[in-house]
2 protein chains.
Amino acid sequence: MKIEGNYTEKAELLKALAHPTRLCIVHGLMDSECNVNKITGCMEMPQSTISQQLAILRSKGIIEGRRKGTEICYSVINKKAREIVTLLMND
Amino acid sequence: MKIEGNYTEKAELLKALAHPTRLCIVHGLMDSECNVNKITGCMEMPQSTISQQLAILRSKGIIEGRRKGTEICYSVINKKAREIVTLLMND
DNA sequence: TCCTTATATCTGTATATTACGATATTACGA
DNA sequence: TCGTAATATCGTAATATACAGATATAAGGA
């Protein structure tokens with residue numbers, strides 16, 4: 001079993017989720033979209049940290065941001081990521 | 001949504017899988033156990049690298065090694081890890 | 001245009017991860 | 001005990017990641 005590009009891609013999806021903050025964010029966004037300000041408040045972390053974590057999730061196609069005036073609302077758009085998080089959160 | 005220890009633990013499970021070599025190893029071990037020598041050959045990587053990757057998987061309870069004489073055969077023992085890998089490998 | 005709010009990006013720093021060769025450890029037969 | 005095969009561990013250098021403050025960018029109303 002030699003490593004094919006396929007494993008690399010899948011590992012990268014997992015890596016994006018493999019961080020407590022990001023996992024929490026994705027889990028929270030699974031049912032309803034949310035703006036950065038709210039996420040920042042809920043996580044009780046600096047806004048810049050949250051923005052960076054969102055950027056990682058975005059770059060892997062896990063979440064998508066939708067601009068609403070001065071705000072951006074994020075939602076989960078990746079099916080596999082949803083399934084993984086659901087699986088993880090179910091005992 | 002504040003981060004609970006729960007997310008940390010789940011993120012660590014993902015992190016162990018979030019590497020192409022380790023993902024490949026776990027996938028390969030899902031159906032039949034295998035010794036280090038064979039894994040090393042299949043992956044075409046140095047034995048020490050493989051041993052270290054196996055150590056990470058072991059430390060997270062994903063795989064288990066069973067000594068058979070001079071050999072150690074590894075197998076997947078973590079249900080969640082199995083489910084995640086299965087999910088990932090199915091289109 | 002200016003000011004305010006919301007958010008992304010940049011920068012610097014500390015820490016973690018990865019890869020591999022060298023070496024230590026374990027098991028076993030002669 | 002010695003030699004060999006199998007495997008784990010150590011040491012090191014390179015690279016990636018995480019975090020947070022400072023600042024840039026985008027949106028909108030006065």
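Just the heavy atoms: all of them, side chains too, but no hydrogens, waters or symmetry mates, feed the values below. In the text below, chain A, chain B and the rest are named by the order of the sequence lines, each starting its count at 1.
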Can you name the residues that form a salt bridge (Lys or Arg N to Asp or Glu O under 4.0 Å) with Arg66(A), not counting sequence neighbours? Glu33(A)

Within the structure provided, determine whether Lys80(B) and Lys10(B) are in side-chain contact (heavy-atom separation under 4.5 Å). no

Are Val76(A) and Val85(A) packed together at the side-chain level, in the sense that at least one heavy-atom pair is separated by less than 4.5 angstrom? no

Can Leu23(A) be reached from Ile77(A) by stepping across I, L, V, M, F, W or Y side chains whose heavy atoms are under 4.5 Å apart? no

For DNA chain D, determine which residues of residues 54-68 of chain A have any heavy atom closer than 4.0 angstrom to one of its atoms, and list them numerically. Arg67(A)

CD of Glu71(A) versus C1' of dG29(D): gap in Å, rounded? 15 Å

Could you give the side-chain donor-acceptor pairs of residues 11-19 of chain B under 3.5 Å, partners two or more places apart or in another chain?
{"from": "Glu12(B)", "atom 1": "OE1", "to": "Lys60(B)", "atom 2": "NZ", "distance (Å)": "3.2"}
{"from": "His19(B)", "atom 1": "ND1", "to": "Thr21(B)", "atom 2": "N", "distance (Å)": "3.2"}

Can I get a per-line list of side-chain donor-acceptor pairs under 3.5 Å for residues 51-58 of chain B, giving both atom names and the distance, sequence neighbours left out?
{"from": "Ser51(B)", "atom 1": "OG", "to": "Gln47(B)", "atom 2": "NE2", "distance (Å)": "3.0"}
{"from": "Gln53(B)", "atom 1": "OE1", "to": "Arg22(B)", "atom 2": "NH1", "distance (Å)": "2.8"}
{"from": "Arg58(B)", "atom 1": "NH1", "to": "Tyr74(B)", "atom 2": "OH", "distance (Å)": "2.6"}

To the nearest Å, how far apart are Glu33(B) CD and dT7(D) C1'? 16 Å

Any N/O pairs under 3.5 Å between the protein and nucleotides 13-15 of chain D? List them or say none.
none

Listed range with range, the stems formed with DNA chain C by at least 3 consecutive Watson-Crick or G-U pairs (under 3.5 Å) are C:1-30 with D:1-30

Name the pairs: protein N/O against N/O of nucleotides 19-23 of chain D, kept only if under 3.5 Å.
{"from": "dC19(D)", "atom 1": "OP2", "to": "His19(A)", "atom 2": "NE2", "distance (Å)": "3.1"}
{"from": "dC19(D)", "atom 1": "OP2", "to": "Gln53(A)", "atom 2": "NE2", "distance (Å)": "3.0"}
{"from": "dA20(D)", "atom 1": "OP2", "to": "Thr49(A)", "atom 2": "OG1", "distance (Å)": "3.2"}
{"from": "dA20(D)", "atom 1": "N6", "to": "Gln52(A)", "atom 2": "OE1", "distance (Å)": "3.2"}
{"from": "dA20(D)", "atom 1": "N6", "to": "Gln52(A)", "atom 2": "NE2", "distance (Å)": "2.7"}
{"from": "dG21(D)", "atom 1": "N7", "to": "Ser48(A)", "atom 2": "OG", "distance (Å)": "3.0"}
{"from": "dG21(D)", "atom 1": "O6", "to": "Ser48(A)", "atom 2": "OG", "distance (Å)": "3.2"}

Select one nucleotide: of dA27(D), dC28(C), dA18(D), the one nearest the side-chain heavy atoms of Thr70(A). dA27(D)

Would you check if the side chain of Arg67(A) reaches a backbone N or O of Gly69(A) as a donor-acceptor pair within less than 3.5 Å? yes

In whole Å, what is the span from the CG atom of Asn37(A) to the C1' atom of dT4(C)? 13 Å

Which one, dT7(C), dA6(C), dT7(D), comes nearest to the side chain of Asn35(A)? dT7(C)

Whole Å only: how far is the CD atom of Glu12(B) from the P atom of dT17(D)? 17 Å

Taking only residues two or more places apart in sequence, or in another chain, which ones meet Thr86(B) in a side chain to side chain contact (heavy atoms under 4.5 Å, CB included)? Met30(B), Asn90(B)

Asn78(A) and Val26(A), any side-chain heavy atoms less than 4.5 Å apart: no

Rounded interatomic separation in angstrom, taking CE from Met43(B) and C1' from dT7(D): 17 Å

All side-chain hydrogen bond (donor to acceptor under 3.5 Å, both in side chains) counterparts of Asn35(B), not counting sequence neighbours: Glu71(B)

Nearest-Å distance for atom pair CZ/P, residues Arg22(A) and dA18(D): 5 Å

Specify the separation, in whole Å, of atom CD1 of Ile50(A) and atom C1' of dA18(D). 12 Å

Approximate separation, where rounding is to 0.5 Å, of Ile72(A) CD1 and Glu64(A) CD: 11.5 Å

Using whole Å, report how far NZ of Lys15(A) lies from C1' of dA16(D). 8 Å

